Amino acid sequence: MNSVLSQGQTINGKYTVVFFLKRGSYAETYRVKDSNNNIKLLKLFFYSRLHRTQFNANAEIVEIEILKKLNHPNIVKFHDSGDVVIDNQKFAFAILDFISGETLSDKMKREQNLNPYEAKDIISGVLNGLNYLHNQADPIIHNDITNLNVMLDLSNKIPVPKIIDFGYARFQSQPNKDFNKIGLNPFYTAGEKFNLVFSIQGDIFSVGALYYHLLFGITPWFFEISNYKSDALLIEDQILSERRKPLKVLQSNNKISPETIEIISKALHLQPESRFQSTNEFIKALNGEFQFENSIISEDTNTKTPNNITKKGDGFKSIAGMQDLKDTLKLDVIDALTEKDRYREYGLTIPNGMLLYGPPGCGKTFFAEKLAEEIGFDFFQIKPSDIQSKWVNASQENIKNLFDQARKNAPSIVFIDELDALVPNRDDSGVNHMNTSAVNEFLAQMNNIGAEGVFVIGATNRPNAIDPAILRAGRLDKHIYLPPPDLEARELMFKLYLKDRPIEIGMNYQSFAHATEYYVSSDIKFLCDEASRMALKAKSRITSEMIHKSIEMKKPSLSRSELKRYTDIQSHFDGNNDNTNKPNKIGF
């Protein structure tokens, strides 16, 4: 659809359109330059599309009237407003600061979840902005705090969160009938707001949902709403029903303190009177200055459990190269799980398991996650923190419980990262009795597990440190070496990592691939990120020169001697060892 304004068009004699940014249900946004050549954001409102609740008693647009009153470092800054007639149609416009950065949603698409320190800084900034809104003479309720409506201003060394988009904002003195809930994200919306009751505690609930989302990569009490089609009331009823259950604490790569979970659960309480009663209370709780009690945390909060998630995503399409490995898994695992009857005719089931080994940064964990997405079955992920803090110092009963869960949810995938930490070689004099018990239990559970619909994937950078009994037939049957990406894969990786970024036309991906021999996939992502930072600083598109400059600055993380060590291990697994009396370089 064509935008209303065109490049170079001047509005109100002061603002020249640079280019169109996006269109919403009732407004379009543009990047413009003012008379002093400063970049600003212009929001153009369609009078004809605004809902009646978006006007005040004086027929003024509430969003613009609210923005006029605001001046805070954590809130987008207002500069000007007015009306304009274009092709005999009347529009309103507001001029705001152009924020050089990205939304939290964009950041989370890359990182999925944030570390607790970064998340706390962002939430603190959002709360400071809301505290300013809530303490106006006539308090202002934002009503739409989500990861889409918080921008990270990256123009300085330290990112500054800024609240944007005041389309649902209302003065507290306005009656409920002046509020329209259509279009709000239900997972961020407090229950009372479904009945058009907006309040300070409603904003606090939304911040709690945002905090949870930042830490765990998913909104609290999430479920798939597509099953309910477009029945808004049915969705709301189901959301309220889910919220009557204890708040679950999901497995995370990061160590999240019990105090943080308590704060989030307090903010997310079903009853407004049981939440923080002000943003100032919320801020004090973050700083350890406010004591409280609440009771909506799951009983499993302090018990680490395997990450059991039905994966949804692009699967193998997200992986550049590795076609042979994809084809192998398609034949041996995916088809065996989805076409059981056909495989049963040939007396075949899925193999028991697979070992992914290779240098750090070659995508072993990423590949396992994408396999789970490709199949769409339950994915149980065990991480080093689970092993060290619970499994090694607890009984082998924990391993049994994991496999029992996997069998119960079969067909399923169990992925164990850093397998050498869970099942070290029992002949190693440094392995204690607790580790030996864990190895014995793991061996017992692994026997013919494939016949029960469970596929085990182990990943390691140290395959020579794993107990050899795990790697024999009937357990981890397949041993897959993930080497540094070849020329074609490196070219595909550059295309993949740069796909959704602002790049110049005619990028020479092949030249990048030729310049990055021995670079692993994590190295290549780092190079793309570094080039993006250069472009962000220069306020330009990412160029080939920036990519090559980042390559010059970053050496490959894998040395040739390290690569030789892994190829020797591969030769051993593939049975290519020399059968002379000369000892093997690496053996089991």
Side-chain angles (χ1 to χ4, degrees), residues 224 226-227 306-358 362-382 402-417 419 442-443 445-460 463 466 470-483 485-486 488-489 492-493 496 521 570 573-575:
E224 186 55 63
S226 62
N227 299 329
N307 189 10
N308 176 15
I309 302 172
T310 300
K311 292 285 183 178
K312 298 183 182 297
D314 293 331
F316 285 166
K317 293 178 183 177
S318 302
I319 301 175
M322 299 189 188
Q323 193 56 49
D324 289 344
L325 179 54
K326 294 176 189 175
D327 292 342
T328 297
L329 289 175
K330 176 86 167 57
L331 176 67
D332 290 347
V333 180
I334 298 173
D335 289 349
L337 285 169
T338 55
E339 302 177 35
K340 291 181 181 178
D341 291 341
R342 188 164 70 89
Y343 273 65
R344 196 175 290 120
E345 289 177 16
Y346 292 85
L348 295 173
T349 62
I350 60 172
N352 283 317
M354 171 178 71
L355 177 71
L356 295 177
Y357 68 97
C362 285
K364 296 180 288 296
T365 303
F366 181 73
F367 191 92
E369 291 174 348
K370 294 304 165 185
L371 171 62
E373 291 179 0
E374 187 75 16
I375 302 175
F377 293 152
D378 278 5
F379 183 75
F380 294 80
Q381 183 168 357
I382 310 304
L402 164 65
F403 280 93
D404 285 347
Q405 271 190 278
R407 290 185 186 95
K408 182 179 178 182
N409 291 276
S412 59
I413 294 173
V414 174
F415 173 68
I416 303 171
D417 204 0
L419 183 65
F442 193 86
L443 289 170
Q445 294 294 334
M446 274 292 297
N447 283 329
N448 299 315
I449 194 72
E452 299 178 78
V454 178
F455 185 63
V456 180
I457 304 174
T460 182
I466 296 173
I470 298 295
L471 305 175
R472 291 175 187 153
R475 288 161 184 158
L476 295 185
D477 306 297
K478 292 189 172 293
H479 310 141
I480 308 293
Y481 174 49
L482 265 63
D486 59 19
E488 180 185 2
L492 288 171
M493 283 178 183
L496 183 68
S521 55
Q570 183 189 19
F573 278 138
D574 292 345

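The model shown is predicted, which means the values in this text are computed figures rather than measured ones.
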Q. Which is it for T460 and I466 under the side chain to side chain contact (heavy atoms under 4.5 Å, CB included) test, yes or no, and what are the steps along the way?
A. CA-CA 9 Å; T460 182; I466 296 173; 3.5 Å; yes
Open item on the list: Under the criterion side chain to side chain contact (heavy atoms under 4.5 Å, CB included), I'd like the reasoning laid out for I480 against L355: C-alpha separation, chi angles, the key distance, then a yes or no.
Closed with: CA-CA 6 Å; I480 308 293; L355 177 71; over 6 Å; no
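- Here R407 pairs with D404, Q445, E452 under the side chain to side chain donor-acceptor pair (under 3.5 Å) rule; sequence neighbours left out.
- Without hydrogens or angle criteria, H479 side chain to L356 main chain gives no donor-acceptor distance under 3.5 Å.
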Checklist entry - Between M446 and L476, is a side chain to side chain contact (heavy atoms under 4.5 Å, CB included) present by the stated rule, with each step listed? => result CA-CA 8 Å; M446 274 292 297; L476 295 185; 3.7 Å; yes
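- Looking only at distances, no side-chain donor or acceptor of S412 sits under 3.5 Å from a matching main-chain atom of V454.
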Determine, stepwise, if the pair Y357 / L419 fulfils side chain to side chain contact (heavy atoms under 4.5 Å, CB included). CA-CA 10 Å; Y357 68 97; L419 183 65; over 6 Å; no
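- The two residues S521 and P485 come nearest to each other via the heavy atoms N-CD, 4.1 Å.
- Using a 4.5 Å heavy-atom threshold, the side chains of I413 and I457 count as touching.
- Taking both residues in full, the closest heavy atoms of M354 and F455 are given as CB-CZ, 3.7 Å, listed atom of the first, atom of the second, then distance.
- When side chains are defined from C-beta on, V456 counts as touching F403, because their heavy atoms get closer than 4.5 Å.
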